[in-house]
Every structure is written in structure tokens, then in C-alpha cells.
Number of protein chains: 2
Amino acid sequence: MGSKDRIARLKEETRINILKAALEIVQTEGWQALSMRKIADAIEYTAPIIYEYFANKEAIILELTRQGYLKLSKQLTEAKAQHTSPAKQLEDMWLTYWSFAFANKELYQIMFGINANCSCEMVNKLPEADCPWDIIADSIGKLMKIEDMESEVICTKYYTFWSVVHGLVSINFLDRGNSDEVNRQVLRDAVTGIIRSITP
Amino acid sequence: MGSKDRIARLKEETRINILKAALEIVQTEGWQALSMRKIADAIEYTAPIIYEYFANKEAIILELTRQGYLKLSKQLTEAKAQHTSPAKQLEDMWLTYWSFAFANKELYQIMFGINANCSCEMVNKLPEADCPWDIIADSIGKLMKIEDMESEVICTKYYTFWSVVHGLVSINFLDRGNSDEVNRQVLRDAVTGIIRSITP
DNA sequence: TAGATTATTTAACAGTGTTAAGCAAATGTA
DNA sequence: TACATTTGCTTAACACTGTTAAATAATCTA
């Protein structure tokens with residue numbers, strides 16, 4: 001009766017294929033081009049079988065969003081691990097965040113974008129665990145020498161960082177910004193500026 | 001032959017009605033609910049009529065976006081007129097920008113949002129005139145005592161302001177932020193901080 | 001009033017997300 | 001082996017979407 005395992009493995013495989021196909025379509029043709037039939041074509045099935053793996057289209061997008069958070073969190077953790085000083089950690093992490101945004105433009109859109117259409121309150125449906133918050137907030141806490149991780153101060157400072165970085169990312173997505181080099185420098189200046197301002 | 005004027009006036013009226021209906025739908029049901037047939041219902045016509053006034057759905061959204069920029073520009077100009085000091089002008093204008101974002105959430109989404117779906121590069125199709133840029137940049141120039149309005153410096157500082165404010169707006173749209181009062185204070189602090197940092 | 005224009009609608013096409021019904025192949029049971 | 005049952009998958013359909021072309025209704029002109 002070990003065949004149960006085999007078919008379970010195959011099922012898991014096509015589930016992954018669905019997500020892979022969806023991401024592929026989105027990254028090459030944009031979000032507006034993502035359709036169930038197009039995904040089905042890519043995985044060489046017909047549309048209805050997708051509903052055996054996901055409740056609906058939104059569930060697929062939600063899962064992609066979740067994977068986006070997971071991916072970002074992983075990159076942030078790696079960046080953090082390369083330094084011991086909280087200040088350097090923060091600097092590297094926000095640069096990593098910046099790079100992630102441009103390397104995964106479409107994912108960033110659903111993760112942090114103000115979506116006019118479709119998946120509106122995606123983020124609220126996600127488990128807290130996949131959130132980059134904890135990873136960064138930890139360094140902020142250490143830098144400011146605050147024990148209580150639930151402190152309002154950390155929260156506020158996190159938003160200060162985030163709003164600046166996300167704002168810069170948004171500008172560049174709307175392609176109203178300067179050159180990549182200039183913006184990277186603006187970002188670095190802004191981040192180090194905030195770090196200096198919150199260092200006791 | 002004065003009837004020409006009358007029918008022209010009527011045509012203009014239904015054009016306005018289409019836009020009004022579209023905005024109404026969007027503000028009550030969200031962007032994903034906006035459809036040509038729903039607009040037609042609202043103005044008591046059938047869908048194809050709309051195509052005599054707008055090339056397609058995107059053209060309607062684009063016009064709404066344009067009106068959004070116009071509205072914001074007007075409010076910024078009013079706020080600016082209430083002060084003579086460039087510093088106070090900037091402070092008031094960015095608070096106005098902030099208020100506009102929340103009073104016109106849906107408009108703000110298409111104006112400055114990173115739209116995953118639909119109208120992607122809307123903003124690039126708009127006339128420069130309706131852009132809030134000039135109004136704000138002027139005050140930045142006066143504050144920094146820079147004559148040349150095309151200066152890179154002004155541009156950079158504008159983005160510094162904008163990224164912070166837009167970032168904070170985004171946080172609140174994703175509803176991950178603090179209370180309204182707290183955020184307004186964070187905004188005020190950030191804006192006055194930047195003003196101080198660029199005052200010669 | 002007859003003819004020409006204009007205004008408006010109906011019908012249709014290709015596409016969307018989604019569900020229900022049907023079929024075919026694999027499996028379990030006797 | 002023969003039958004019954006479950007499973008995997010497809011076809012067909014529904015109610016939508018944006019958009020276009022053809023048909024009709026209303027108006028204006030002569």
C-alpha cells in the first residue's frame with residue numbers, strides 16, 4: 001500500500017507545478033495575464049483540475065505571496081548573519097530588501113503594493129511567521145538596547161525604515177526616479193541616517 | 001441651429017455622468033467591481049454607448065486618474081497659499097497630501113499605487129501639467145534658495161519627502177500601522193525633520 | 001411626408017473564474 | 001477473472017467580463 005505515498009508525491013508535484021507555472025506567467029506577461037486556463041495549458045491539464053489543488057485563483061495568488069514573504073525572510077536572515085553589529089545588520093538587510101524588490105518585482109507588487117484590482121487584503125490572511133518584521137525588529141531592538149520586543153518604539157522605528165525604503169521602491173516602480181546607482185546611494189544615505197538617529 | 005450647442009452640452013453631461021458613475025462604483029465596491037455594464041446601468045444606458053465617449057475602459061480609468069491629480073494639485077495650491085514661509089508651506093502641503101490619500105483612497109490607488117493588475121503605466125500617459133510636482137518643488141527651491149528649478153537637488157529632495165509620506169500612506173493602506181493619531185504625528189515629525197535637514 | 005442622420009439597443013465574439021456532469025482508466029473486492 | 005467502486009480528468013455549461021458589428025428606433029432635414 002506504499003503507492004499511496006507515490007501518488008501523494010505526484011500530487012504535491014503538480015501542486016508545485018501549478019505555482020511555478022503561475023509565477024512564470026506573471027513574470028513574463030504580468031498579473032493581468034494570469035488565468036486559470038493559461039496555467040492549465042502550461043501544466044498540460046485542463047482548468048478544472050486546478051481546483052483540486054487550490055480553492056480558487058485567489059488562493060494561488062495568496063500562496064505565491066506567502067512564498068514571496070518566505071523568500072524575502074530567508075534573504076534577510078542570510079544578510080543578517082553576515083554581521084554582528086546591529087547597525088551593519090540593518091544596513092545590509094534593507095539593501096537586501098531593496099534588491100529583492102527589483103529582482104522579484106511581481107512578487108513585491110502583491111506583497112507590498114497597493115493593489116487597485118484583485119487581491120486586496122492578501123497580506124492580512126498570511127501567517128505572522130512568514131513576516132520579515134521579526135527579523136528586522138530584532139536588530140532594531142538590539143541597536144536601541146530595548147529588551148521588550150513588543151515595544152511601541154521598535155514598531156515605530158521599523159515603520160520609519162520601511163516607509164522610506166518602500167517609498168523609494170515605489171518611485172522606481174512608477175519609473176519616475178533617478179538612475180539605479182543614484183537611488184541606491186539615496187537609499188544607503190537614508191538608511192544610515194535613520195540608523196544614526198536611533199543609535200543611543 | 002443652436003440645437004448643436006444643446007446636444008453638445010448633453011453629450012458633455014453624459015460624459016461627466018459616466019465618470020461620476022464609475023467613481024461612485026469604485027468608491028463603494030472597489031476597483032475589481034468596476035465594469036462597463038455596471039456603469040451603463042448607473043447612467044441608464046446600455047454598455048456600447050460608453051464607447052462613444054471613451055475609447056475603452058482604460059481610458060475611463062485614465063481620466064479618473066487625471067482628475068485625481070487635478071484635485072490633489074488644487075488642494076496643494078490652496079494649502080500653499082495659506083502661508084508665506086516655504087517651510088510652513090511644505091509642512092501644510094504634505095499634510096494635505098496625507099489627508100487626500102485617505103479621503104480619496106481609491107483615486108490614490110491608481111495615482112500612486114503599484115498596480116498588480118490592470119492599468120499599469122497610467123501615470124506616464126498623463127500631461128505633466130496636472131502633476132503636483134511643480135507646486136511642491138517650488139517651495140523646496142525657495143526653502144533651499146536654489147534658483148534653477150531643474151536642479152537635481154530639488155528633484156532628490158522631492159523624492160525624499162515623497163518616499164517618506166507615500167511609504168507611511170502605504171503602511172496604513174495595508175492596515176499594518178498604528179492609530180490615525182500616532183501616524184499623523186509620525187508624519188509630522190518626519191516632514192519637519194526633512195525640512196530642518198534641508199534648510200540652509 | 002420622405003429621406004438621411006443620429007442615437008441607442010440587441011446580438012455576438014472571445015475571453016474570464018468556476019461548477020456540475022460525464023467518461024475512462026485504475027483500483028478494490030468476490 | 002468478473003464486477004463494483006473509486007479516482008483522474010475532460011467536456012459542457014453558467015454567469016460574468018470588454019468590445020465590436022449589425023439592426024433598430026428616434027430625430028432632423030428637405
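FYI, side chains are in, hydrogens and waters are out, and symmetry mates aren't considered; it's all heavy atoms of this structure. Chain letters run A, B, ... following the sequence lines, proteins first and then strands; every chain starts at 1.
- Each of A:F100, A:W31, A:Y97, A:F102 was scored for a ring pair (Phe, Tyr, Trp, His ring centres under 6.0 Å) with A:Y108, with one residue passing: A:Y97.
- Side-chain proximity of B:P48 to C:dT10, C:dT8, C:dT18: nearest is C:dT10.
- Among the atoms of the strands shown, none is found under 4.0 Å from any heavy atom of B:I50.
- Between A:L10 atom CG and D:dT7 atom C1' the separation is 14 Å, expressed in whole Å.
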Side-chain donor-acceptor pairs under 3.5 Å in residues 11-23 of chain B, sequence neighbours left out?
from, atom 1, to, atom 2, distance (Å)
B:T14, OG1, B:K11, O, 3.2
B:T14, OG1, B:Y53, OH, 2.8

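- You'll find that the side chain of A:S35 is closest to C:dG17, out of D:dC9, C:dG17, D:dG18.
- Residue B:Y51 is classed as a base contact, given a heavy-atom separation below 4.0 Å to a base.
- Among the nucleotides D:dC9, C:dT19, C:dT18, the one closest to any side-chain atom of A:R37 is C:dT18.
- As judged by a 4.0 angstrom heavy-atom cut-off over every strand, A:T46 is placed among the base-contacting residues.
- Taking the six-membered ring where the residue is Trp, B:F112 and B:W162 present tilted rings, their angle falling between 30° and 60°.
- Spacing between atom CD of B:E58 and atom P of D:dG18 amounts to 13 Å, rounded to whole angstrom units.
- Exactly one of B:F161, B:Y159, B:Y158 qualifies for a ring pair (Phe, Tyr, Trp, His ring centres under 6.0 Å) with B:W133. That residue is B:Y158.
- Between the OH atom of A:Y45 and the P atom of D:dT10 there is a distance of 7 Å, given to the nearest Å.
- Salt-bridge annotation for B:D138 and B:K142: present, with a side-chain N of the basic residue lying under 4.0 Å from a carboxylate O of the acidic one.
- In this entry the distance linking CE of A:M36 with C1' of C:dT19 reads 12 Å, nearest Å.
- Look at CD on A:Q32: it is 16 Å from C1' on C:dG17, rounded to the nearest Å.
- One interatomic measurement links the two molecules: CD of A:E44 to P of D:dG8, which rounds to 19 Å at whole-angstrom precision.
- Atom C1' of nucleotide C:dT16 and atom CD1 of A:I25 are separated by 14 Å, given to the nearest angstrom.
- Across all strands shown, B:L34 has heavy atoms under 4.0 Å from sugar-phosphate atoms exclusively, and none from any base.
- Rounded to a whole Å, the CD1 atom of A:I49 is 18 Å from the P atom of C:dA25.
- Checking D:dT17, C:dT10, C:dT8 against the side-chain heavy atoms of B:K57 singles out D:dT17 as nearest.
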